[in-house]
Amino acid sequence: MAKNIQSIRGMHDILPSQSASWQYLETTIRRLFNSYGYRELRTPIIEPSELFSRGIGEVTDIVEKEMYTFTDRNGDSLSMRPEGTASCVRAGIQHGLLHNQQQRIWYTGAMFRHERPQKGRYRQFYQAGVETYGVATPDIDAEVIALGARLWKQLGLKKIKLQLNTLGSDEARQQYREVLIDYFSAHYDQLDEDSQHRLHKNPLRILDTKNPHLEDIVAAAPNLMEYLDQESKQHFEGLCTRLESLEIDYEINPRLVRGIDYYNRTVFEWVTKELGAQGTICAGGRYDGLVKQLGGRATPACGFGIGLERLLLLMESQKIQTPALKPHIYLVLAGKEAQIAGVKLAETLRDTHANLSLQCNLAAGSLKAQIKRADKSGAEYAIILGGREIEENTVTIKALRYHAEQLTLSQHELNNFIQKNILT
Ligand code: ATP
Ligand code: MG
């Protein structure tokens, strides 16, 4: 027998039984983003590889190790997007959405990274994110953070902590870089291979290492806060003041540098202790240099990305119920005649009641089997249509979730019943 083909490791099917919580989450997010005046941007899943190497940074985990890159039939190097920000900037420049204006954009979709799959870490995963352009003041940093806080609240999630840091200006970071190179050079033999490789190319990234053996060395490293430029300091203080006024708790984490090169000034992560090593459910910050770096005119920018799988895992761990997808009515059709009349009745009911959800039993089955299916569908009511009902021009309605006598109703009475008992 031929071997069954399986999905690629780290890439998962989202099954019909899981889709209700996905849809609930996506609808909640979409509604919230729109309500703050953000508008959706959809970009292609595949982009020129150069967009990511220039945008995310050559010496990053994503570009060095994680991208799905291939040469297409024209010989062009293309990559599956590993994140959403670079594409938003590319599209923003291409369509003139950024210069001399304020933009609030959101996106959602699949991202691809060749990482070691584990709980909360996959090779295809979904993100939802916002990107804002044209606001240089910390008002927008505070707005995107408040947006995150409101989302956790709307979803009923608890114990998500905000960690905050500032990376300062490019110049301040440059100066700090030299200090870090000196510091880590003095501990060269204790560094792992990755960190040794990064020492001169991107020493800040050593602070972001996930290697527990380096914890002590990293903890004792010089602090970026001491090298901050005056303007970045003020920007950061401005953000902290706004968060305090909004009563959003935060913790300053001077080791927070983020895995992507484009960030400057504000960086933040929303973290939980409930998902082990994959505890960051949302990460973002300011990236004032990226638009220019990708060929546009200098434009201040700020945004975040949420990992949807991690958010769903957290909702599961906190036992948050999401509304199930279930029909109002399951239509049981007894006998051949009813199968034809039933489909007609179903369509008539859908014409009459715009918001009615009604699932029709196809492929016959005994009355008992059909009632069982009706029950399994989660429907509130079963409508039974058999030979007797067709003859009398009636239907029988059976409550599936509470005890009540079955009722025999005329078409007109059925419409009233639906209006009064089902659609209210
Ligand atoms: P991590 O440190 O966990 O690798 P990251 O810094 O690489 O995360 P970002 O690039 O900032 O993550 O992406 C934003 C969010 O997307 C993360 O906070 C996380 O919730 C989610 N995410 C990132 N990579 C994955 C993945 N491989 N699988 C599932 N979710 C992911
Ligand atoms: Mg990562």
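Keep in mind that what you see is a predicted model, and the values were worked out from it rather than measured. Atoms within each ligand, like the ligands themselves, are counted from 1 in listed order.
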Engineer: Less than 3.5 Å apart, any donor N or O on the side chain of Ser232 or Arg265 sitting next to an acceptor on the other?
Structural biologist: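 Note: Ser232 and Arg265 side chains meet the donor-acceptor criterion.
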Engineer: List for me each residue that meets side chain to side chain donor-acceptor pair (under 3.5 Å) alongside Tyr287, sequence neighbours excluded, and say none if there are none.
Structural biologist: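 Residues passing side chain to side chain donor-acceptor pair (under 3.5 Å) with Tyr287: Glu131, Tyr133.
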Engineer: Distance under 4.0 Å, heavy atoms only, partner ligand 1: which residues pass?
Structural biologist: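 Ligand 1 is contacted, at a heavy-atom distance under 4.0 Å, by Arg113, Glu115, Gly120, Arg121, Tyr122, Phe125, Gln127, Lys210, Arg258, Ile260, Thr280, Ile281, Cys282, Ala283, Gly305, Gly307, Arg310.
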Engineer: With Glu47, which of Arg90, Arg54, Arg81 fulfils salt bridge (charged side-chain N to carboxylate O under 4.0 Å, His left out)?
Structural biologist: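 Exactly one candidate clears the test, Arg90.
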Engineer: For the side chain to side chain contact (heavy atoms under 4.5 Å, CB included) test, which of Asp141, Leu256, Leu239 pairs with Leu164?
Structural biologist: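 Of the listed residues Asp141, Leu256, Leu239, the side chain to side chain contact (heavy atoms under 4.5 Å, CB included) partner of Leu164 is Leu239.
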Engineer: Any heavy-atom pair between the side chains of His12 and Tyr122 that's under 4.5 Å?
Structural biologist: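 Yes; the side chains approach each other to less than 4.5 Å.
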Engineer: Please tell me if the side chains of Arg150 and Tyr36 come closer than 4.5 Å, counting only heavy atoms from C-beta onward.
Structural biologist: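 Side chain of Arg150 against side chain of Tyr36, heavy atoms only: contact under 4.5 Å found.
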